[in-house]
Amino acid sequence: MSQATKRKHVVKEVLGEYVNPTGNQQIVKVVGSRGNNLHEAVTAQGSTFLVSMPPKFRKNIWIKRGDYVIVDPIAEGEKVKAEISVILYKDHIQHLQTLQLWPDGFVEQPAPQEPPARPPPAPQEPPARPPPARRAGGEVKDEQDDEGNGGSSDSSEEEDDSDLFVNTNRPDCHYSESEESEEEDDSEKDTAEERTEARS
(Lines give C-alpha, C1' and ligand atoms only; values in the text may rest on other atoms or scores of the structure.)
Protein backbone atom coordinates (compact mmCIF):
# COMPACT_ATOMS: atom_id res chain seq x y z
CA MET A 1 0.00 0.00 0.00
CA SER A 2 1.37 3.38 -0.93
CA GLN A 3 2.06 6.07 1.66
CA ALA A 4 -0.72 8.30 0.32
CA THR A 5 -3.28 5.48 0.47
CA LYS A 6 -2.19 4.57 3.99
CA ARG A 7 -2.49 8.21 5.09
CA LYS A 8 -5.97 8.46 3.55
CA HIS A 9 -7.22 5.42 5.49
CA VAL A 10 -5.65 6.55 8.77
CA VAL A 11 -7.16 10.04 8.50
CA LYS A 12 -10.56 8.57 7.61
CA GLU A 13 -10.36 6.28 10.64
CA VAL A 14 -9.37 9.09 13.02
CA LEU A 15 -11.91 11.65 11.83
CA GLY A 16 -14.81 9.35 11.07
CA GLU A 17 -15.29 6.96 13.96
CA TYR A 18 -16.84 7.81 17.31
CA VAL A 19 -15.11 5.51 19.77
CA ASN A 20 -16.02 5.05 23.42
CA PRO A 21 -13.35 4.03 25.94
CA THR A 22 -13.67 0.36 26.84
CA GLY A 23 -12.47 -1.71 29.78
CA ASN A 24 -9.07 -0.44 30.86
CA GLN A 25 -8.81 2.40 28.33
CA GLN A 26 -8.85 5.93 29.69
CA ILE A 27 -9.12 9.49 28.42
CA VAL A 28 -6.05 11.66 29.04
CA LYS A 29 -4.97 15.17 28.11
CA VAL A 30 -1.66 15.72 26.30
CA VAL A 31 0.49 18.12 28.33
CA GLY A 32 3.54 18.23 26.08
CA SER A 33 5.77 16.44 23.60
CA ARG A 34 8.91 14.72 24.85
CA GLY A 35 10.25 13.81 21.41
CA ASN A 36 10.78 10.44 19.76
CA ASN A 37 6.97 9.97 19.43
CA LEU A 38 6.52 10.22 23.20
CA HIS A 39 4.03 12.61 24.80
CA GLU A 40 3.47 13.54 28.40
CA ALA A 41 -0.17 13.09 29.44
CA VAL A 42 -2.21 13.78 32.55
CA THR A 43 -5.31 11.88 33.70
CA ALA A 44 -8.49 13.42 35.09
CA GLN A 45 -7.20 12.53 38.59
CA GLY A 46 -3.96 14.45 37.97
CA SER A 47 -1.39 11.64 37.57
CA THR A 48 1.21 12.30 34.86
CA PHE A 49 2.95 9.70 32.68
CA LEU A 50 4.37 9.18 29.17
CA VAL A 51 2.32 7.80 26.29
CA SER A 52 3.67 6.61 22.94
CA MET A 53 2.36 7.35 19.47
CA PRO A 54 1.71 4.10 17.55
CA PRO A 55 3.44 3.64 14.18
CA LYS A 56 0.20 3.98 12.18
CA PHE A 57 -0.24 7.60 13.38
CA ARG A 58 3.40 8.66 12.97
CA LYS A 59 3.94 11.21 10.17
CA ASN A 60 0.20 11.01 9.38
CA ILE A 61 -1.57 12.55 12.37
CA TRP A 62 -0.14 15.21 14.68
CA ILE A 63 -1.22 16.06 18.20
CA LYS A 64 -0.34 19.10 20.24
CA ARG A 65 -0.45 20.29 23.82
CA GLY A 66 -4.04 20.40 25.09
CA ASP A 67 -5.43 17.63 22.84
CA TYR A 68 -7.32 14.70 24.35
CA VAL A 69 -6.61 11.06 23.50
CA ILE A 70 -7.82 7.62 24.53
CA VAL A 71 -4.94 5.39 25.63
CA ASP A 72 -4.40 1.68 26.18
CA PRO A 73 -2.25 0.94 29.25
CA ILE A 74 1.05 -0.91 28.84
CA ALA A 75 1.42 -3.34 31.77
CA GLU A 76 5.19 -3.77 31.61
CA GLY A 77 5.95 -0.09 31.00
CA GLU A 78 8.17 1.66 33.54
CA LYS A 79 8.44 5.10 31.94
CA VAL A 80 5.99 4.77 29.05
CA LYS A 81 2.79 3.56 30.65
CA ALA A 82 0.29 3.77 27.77
CA GLU A 83 -0.08 3.86 24.00
CA ILE A 84 -2.43 6.19 22.12
CA SER A 85 -5.29 4.32 20.50
CA VAL A 86 -7.68 7.14 19.52
CA ILE A 87 -7.15 10.88 19.05
CA LEU A 88 -10.20 12.88 20.13
CA TYR A 89 -11.31 15.96 18.24
CA LYS A 90 -14.01 18.50 19.14
CA ASP A 91 -16.92 16.49 17.72
CA HIS A 92 -15.65 13.30 19.42
CA ILE A 93 -15.49 15.15 22.76
CA GLN A 94 -19.04 16.46 22.33
CA HIS A 95 -20.22 12.92 21.54
CA LEU A 96 -18.60 11.57 24.71
CA GLN A 97 -20.09 14.42 26.77
CA THR A 98 -23.60 13.66 25.51
CA LEU A 99 -23.11 10.01 26.50
CA GLN A 100 -21.76 11.24 29.87
CA LEU A 101 -18.53 9.28 29.42
CA TRP A 102 -16.35 12.39 29.70
CA PRO A 103 -14.26 12.51 32.91
CA ASP A 104 -15.32 15.13 35.47
CA GLY A 105 -11.70 16.26 35.87
CA PHE A 106 -11.65 17.54 32.28
CA VAL A 107 -14.96 19.40 32.39
CA GLU A 108 -14.10 23.03 31.78
CA GLN A 109 -15.84 25.42 34.13
CA PRO A 110 -16.94 28.61 32.40
CA ALA A 111 -14.96 31.54 33.70
CA PRO A 112 -17.05 33.98 35.71
CA GLN A 113 -17.70 36.97 33.56
CA GLU A 114 -16.29 40.14 35.00
CA PRO A 115 -18.15 43.36 34.43
CA PRO A 116 -16.60 45.33 31.60
CA ALA A 117 -14.12 47.99 32.65
CA ARG A 118 -15.95 50.61 30.64
CA PRO A 119 -19.32 50.54 28.96
CA PRO A 120 -19.36 49.59 25.29
CA PRO A 121 -19.35 52.57 22.94
CA ALA A 122 -22.73 53.76 21.74
CA PRO A 123 -23.41 53.06 18.08
CA GLN A 124 -22.57 56.04 15.96
CA GLU A 125 -25.30 57.50 13.86
CA PRO A 126 -24.46 58.71 10.38
CA PRO A 127 -24.12 62.50 10.20
CA ALA A 128 -27.31 64.31 9.35
CA ARG A 129 -27.46 65.60 5.80
CA PRO A 130 -27.77 69.35 5.46
CA PRO A 131 -30.95 70.61 3.83
CA PRO A 132 -30.70 70.72 0.03
CA ALA A 133 -29.45 73.99 -1.39
CA ARG A 134 -31.60 75.95 -3.76
CA ARG A 135 -30.40 76.83 -7.23
CA ALA A 136 -31.21 80.01 -9.05
CA GLY A 137 -34.78 79.75 -10.28
CA GLY A 138 -36.08 77.99 -7.16
CA GLU A 139 -35.21 74.38 -8.04
CA VAL A 140 -33.65 72.18 -5.40
CA LYS A 141 -30.00 71.30 -5.95
CA ASP A 142 -29.20 67.80 -4.78
CA GLU A 143 -25.67 66.69 -3.86
CA GLN A 144 -26.11 63.60 -5.98
CA ASP A 145 -26.23 65.76 -9.09
CA ASP A 146 -22.81 67.21 -8.31
CA GLU A 147 -21.17 63.96 -7.25
CA GLY A 148 -22.37 61.91 -10.17
CA ASN A 149 -21.74 58.67 -8.35
CA GLY A 150 -25.25 57.35 -8.22
CA GLY A 151 -26.29 58.30 -4.72
CA SER A 152 -23.35 57.49 -2.48
CA SER A 153 -23.30 59.62 0.62
CA ASP A 154 -20.40 61.26 2.44
CA SER A 155 -20.26 58.42 4.98
CA SER A 156 -19.37 55.90 2.26
CA GLU A 157 -16.38 58.02 1.25
CA GLU A 158 -14.99 57.79 4.76
CA GLU A 159 -14.46 54.05 4.94
CA ASP A 160 -14.33 52.36 8.32
CA ASP A 161 -11.19 50.20 8.47
CA SER A 162 -11.75 48.97 12.03
CA ASP A 163 -12.87 45.51 10.83
CA LEU A 164 -9.75 44.93 8.72
CA PHE A 165 -7.00 42.57 9.84
CA VAL A 166 -4.05 44.33 11.43
CA ASN A 167 -0.68 42.73 10.74
CA THR A 168 1.15 42.78 14.07
CA ASN A 169 4.37 41.61 12.44
CA ARG A 170 4.95 45.03 10.90
CA PRO A 171 5.76 48.17 12.87
CA ASP A 172 3.03 50.80 12.90
CA CYS A 173 4.66 53.75 11.11
CA HIS A 174 2.94 56.97 10.17
CA TYR A 175 4.71 59.14 7.64
CA SER A 176 4.02 62.82 7.32
CA GLU A 177 5.73 65.44 5.25
CA SER A 178 6.96 68.47 7.08
CA GLU A 179 6.81 72.01 5.74
CA GLU A 180 10.62 72.18 5.74
CA SER A 181 10.93 69.37 3.22
CA GLU A 182 8.43 71.09 0.90
CA GLU A 183 10.43 74.33 1.11
CA GLU A 184 13.66 72.45 0.34
CA ASP A 185 12.02 70.79 -2.67
CA ASP A 186 10.87 74.18 -3.97
CA SER A 187 14.34 75.70 -3.56
CA GLU A 188 15.93 72.74 -5.37
CA LYS A 189 13.52 73.23 -8.29
CA ASP A 190 14.34 76.95 -8.41
CA THR A 191 18.10 76.30 -8.56
CA ALA A 192 17.61 73.68 -11.25
CA GLU A 193 15.59 76.14 -13.34
CA GLU A 194 18.27 78.82 -12.87
CA ARG A 195 20.92 76.40 -14.13
CA THR A 196 18.96 75.57 -17.28
CA GLU A 197 18.37 79.27 -17.97
CA ALA A 198 22.06 80.03 -17.52
CA ARG A 199 23.00 77.38 -20.09
CA SER A 200 20.71 78.81 -22.71
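Count residues from 1 along the sequence. Reckoned from all heavy atoms, side chains included, excluding hydrogens, waters and symmetry mates.
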Minimum side-chain heavy-atom gap Pro55-Asn37 below 4.5 Å: no
Does Val30 belong to the same Ile/Leu/Val/Met/Phe/Trp/Tyr cluster as Ile74, with side-chain heavy atoms less than 4.5 Å apart forming each link? no
Counting only pairs under 3.5 Å, give me each side-chain donor-acceptor contact of residues 76-90, with atom names and distances, residues two or more places apart or in other chains.
from  : atom 1 : to    : atom 2 : distance (Å)
Ser85 : OG     : Ile70 : O      : 3.0

Is any side-chain heavy atom of Gln97 closer than 4.5 Å to a side-chain heavy atom of Ile93? yes
Are Ile63 and Phe57 packed together at the side-chain level, in the sense that at least one heavy-atom pair is separated by less than 4.5 angstrom? no
Can you find a heavy atom in the side chain of Ser52 that is under 4.5 Å from one in the side chain of Leu38? yes
Just wondering, do Asn20 and Leu99 contact through their side chains at under 4.5 Å, heavy atoms? yes
Is any side-chain heavy atom of Val71 closer than 4.5 Å to a side-chain heavy atom of Gln26? yes
Less than 4.5 Å apart, side chain to side chain, heavy atoms only: is that true for Val69 and Ile27? no
Point-to-point distance, once rounded to the nearest 0.5 Å, from CD of Gln94 to CH2 of Trp102: 10.5 Å
Please confirm whether the backbone N or O of Met53 pairs with a side-chain atom of Arg58, one donor and one acceptor, at under 3.5 Å? yes
Among the clusters formed by ILVMFWY side chains lying less than 4.5 Å apart, do Trp62 and Tyr68 turn up in the same one? no
Show, in sequence, the C-alpha distance, side-chain angles and deciding distance for Val42 and Phe49, and conclude whether the side-chain contact (heavy atoms from CB on, under 4.5 Å) test is met. CA-CA 7 Å; Val42 63; Phe49 53 89; over 6 Å; no
Residues clustered with Tyr18, ILVMFWY side-chain links under 4.5 angstrom: none
